[in-house]
Amino acid sequence: MSTHRTRRDFVKRAAILGAAAVASPSAAAAASGSPRAAEPDAPLTPHPGALVDVARDEAYWAQVAAKYRITPRTTNLEAGFFGMMAQPVLEAYHRHIDRVNSESSYFARREYPAMFRTARERVAAFVGAKPSELAFSRNATEALQALIGQYNRLQPGDTIIYADLDYNAMQWAMNALAARCQAKVVTLDIPEPASHENILATYATALAANPRTKLLLLTHCNNKTGLLLPVGEITALAKARGVDVVVDAAHSFGQVPLTMADMGADFVGLNLHKWIGAPVGAGALYIREGCLGAIDRAHADESAPLDRIESRIHTGTTHFATMMTIPDAIDFQLSIGMPQKAARLRYLRDRWVHAVADVKGVTILTPEDATLTGAITGFRLHNRGTGDANRALAATLHDEFGIFTNQRTGLAKGDCVRVTPALYNTPADADKLAAAIRTIAARG
């Protein structure tokens with residue numbers, strides 16, 4: 001069975017999580033008779049239950065939430081920008097900062113290089129890659145700009161393709177590459193509502209209509225609606241036509257289970273300070289073994305041999321403590337388990353979505369297909385897709401109801417408001433959002 005199919009089976013099983021009602025945390029704990037308590041210092045281990053039960057064990061998730069120190073100023077449902085470090089990770093970060101600051105260059109030159117290599121090995125193991133296929137960047141944007149901007153197989157008259165849901169900075173990088181190489185830019189719009197079949201058909205049609213396509217940008221989980229593309233299948237379609245694929249996995253890495261085999265692409269950008277929960281300033285680029293030749297050396301940089309991935313990006317001096325904290329962040333994720341985490345996030349998403357799905361005027365922009373949706377979901381009210389309308393909606397949710405979300409732009413059919421729950425959120429937070437949406441929608 002393929003890795004891609006395995007993941008689809010997992011998320012299909014997880015889809016039923018949102019169908020069941022959830023009691024309050026205290027009621028759920030009482031009903032289950034669980035002795036667990038929300039103790040910040042209690043160690044975590046992955047929940048041993050079946051995924052259908054995992055996401056509803058409020059006593060367990062209270063333990064997880066206790067690992068985060070969150071502000072009382074708002075109900076934060078905008079976890080997509082910065083994932084927040086859990087307390088064990090934050091404490092490790094502070095220790096690393098103190099060590100770096102006290103030992104200075106003595107530590108940086110003698111001991112840090114080995115720790116840097118360990119961090120890379122840990123990320124590689126997490127995504128099923130070889131360490132030699134990964135290089136650290138400061139974020140996914142920087143990694144993807146290197147992969148796109150230094151791509152060298154594009155000739156005058158060739159075509160590149162990207163979609164409306166791709167990240168704006170990556171669209172601009174594709175435009176700049178095409179302009180420099182005198183290539184053609186083709187854009188496509190992801191259908192609304194999206195389905196597995198119409199997504200594949202959209203890409204297949206675009207590739208067939210543009211036989212000189214050399215490079216395709218795919219965003220696994222976009223930052224606008226949260227739609228999860230079937231990247232492995234689209235990549236297979238592209239590769240069959242000799243098209244290289246760059247995958248933006250900034251939001252999917254750490255939100256849903258994935259490996260480089262799932263992606264199927266030779267070039268991938270990752271982010272470590274969103275869903276992995278590392279300090280801000282950590283990302284990575286992946287270049288499959290044997291594919292370095294398609295990406296030029298960065299700035300004629302000779303600090304690394306041409307046959308090593310480090311020659312494709314040079315960020316200068318790294319933030320020592322940030323890199324040192326990456327293994328701590330991965331350890332925390334593993335203490336929960338990626339299937340368990342994905343199930344809980346999808347459950348929180350379904351909690352509010354299902355409560356408003358039949359409300360007149362509410363349009364949910366991610367489908368119920370569990371292979372296409374994780375934690376992030378965009379929505380519109382009364383088909384209003386202007387920037388002003390969605391900024392006003394996000395402001396109303398914050399100012400009147402105490403809920404922090406974010407307006408997103410760039411969709412072909414108009415702007416939306418993005419909702420992004422995290423592990424520190426509760427069903428009560430989802431219910432609060434649903435009640436607010438119902439109230440605002442009723443105003444017309």
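These figures come from a predicted structure and were not determined experimentally.
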Taking all heavy atoms of [X] and all of [Y], pick out the closest pair and write down the distance.
X	Y	result
Ile199	Pro230	CG2-CD, 3.8 Å
Val362	Ala441	CG2-CB, 4.2 Å
Pro257	Asp262	O-OD2, 4.1 Å
Gly264	Lys239	O-NZ, 2.9 Å
Val89	Gly277	CG1-O, 3.7 Å
Ala355	Arg438	O-NH1, 3.5 Å

Below 4.5 Å, heavy atoms only, C-beta onward: do [X] and [Y] meet side chain to side chain?
X	Y	result
Leu215	Met174	yes
Leu285	Ile313	yes
Leu144	Ser137	no
Trp61	Ile336	yes
Asp158	Cys181	no
Ile364	Arg349	yes
Gln87	Leu90	yes
Phe136	Val123	yes

Looking at [Y] and [X], is any side-chain nitrogen of the basic one under 4.0 Å from a carboxylate oxygen of the acidic one?
X	Y	answer
Glu310	Arg120	yes
Asp429	Lys432	no
Arg408	Glu78	no
Lys67	Glu91	no

message: Before you tell me yes or no, could you show the steps for Val100 and Met324 under side chain to side chain contact (heavy atoms under 4.5 Å, CB included), namely the whole-Å CA-CA distance, both residues' side-chain angles and the distance that decides it to 0.1 Å?
response: CA-CA 10 Å; Val100 169; Met324 293 162 66; 3.7 Å; yes

Give a yes or no answer on whether the side chain of [X] reaches the backbone of [Y] with a donor-acceptor pair at less than 3.5 Å.
X	Y	result
Gln171	Ala163	yes
Glu142	Arg138	yes
Asp98	Arg95	no
Asp369	Thr371	yes
Arg418	Asn223	yes
Trp275	His251	yes
Gln150	Asp296	yes
Asp266	Cys291	no
Thr373	Ala370	no
Thr325	Ala92	no

Answer yes or no: does atom [atom1] of [X] have more than 12 heavy-atom neighbours from other residues, nucleotides or ligands under 6.0 Å?
X	atom1	result
Arg73	CZ	no
Phe81	CZ	no
Asn383	CG	no
Tyr203	OH	yes

message: Going by salt bridge (charged side-chain N to carboxylate O under 4.0 Å, His left out), name the pairs with one or both residues in residues 215-232, residues two or more places apart or in two chains.
response: none

- request: Output every pair passing salt bridge (charged side-chain N to carboxylate O under 4.0 Å, His left out) with a member in residues 181-203, not counting sequence neighbours, ordered by first then second residue.
  value: Glu192-Arg380

Checking [Y] against [X]: is there a side-chain donor and acceptor pair closer than 3.5 Å?
X	Y	result
Thr377	Thr366	yes
Asn76	Thr74	no
Tyr93	Asp328	no
Thr225	Asn222	yes
Thr219	Asp166	yes
Asn271	Asn139	no
Tyr151	Arg153	no

message: Using side chain to side chain contact (heavy atoms under 4.5 Å, CB included), reason through Ile161 and Leu217 one step at a time and then give a plain yes or no.
response: CA-CA 6 Å; Ile161 298 177; Leu217 172 65; over 6 Å; no

task: With side chain to side chain contact (heavy atoms under 4.5 Å, CB included) as the test, would you mind laying out the steps for His273 and Thr322 before giving the verdict?
output: CA-CA 10 Å; His273 61 238; Thr322 293; over 6 Å; no

Gap separating the CD atom of Gln340 from the CG atom of Asp57, nearest 0.5 angstrom: 11.5 Å

query: What distance separates Leu207 CG from Leu216 CG, expressed to the nearest 0.5 Å?
result: 6.0 Å

With Phe320 via ring-ring contact (aromatic ring centres under 6.0 Å, His included) - residues at least two apart: Tyr112

task: Might you work through the side chain to side chain contact (heavy atoms under 4.5 Å, CB included) test for His220 and Val256, ending with a clear yes or no?
output: CA-CA 10 Å; His220 187 201; Val256 295; 4.2 Å; yes

- prompt: What do the steps show when you test Trp172 against Tyr162 for ring pair (Phe, Tyr, Trp, His ring centres under 6.0 Å), and what is the final call?
  reply: CA-CA 10 Å; Trp172 301 333; Tyr162 62 79; over 10 Å; no

- prompt: After noting the C-alpha distance and the side-chain angles of Asp331 and Arg122, does the key distance pass the salt bridge (charged side-chain N to carboxylate O under 4.0 Å, His left out) rule?
  reply: CA-CA 9 Å; Asp331 285 342; Arg122 293 297 306 279; 2.7 Å; yes

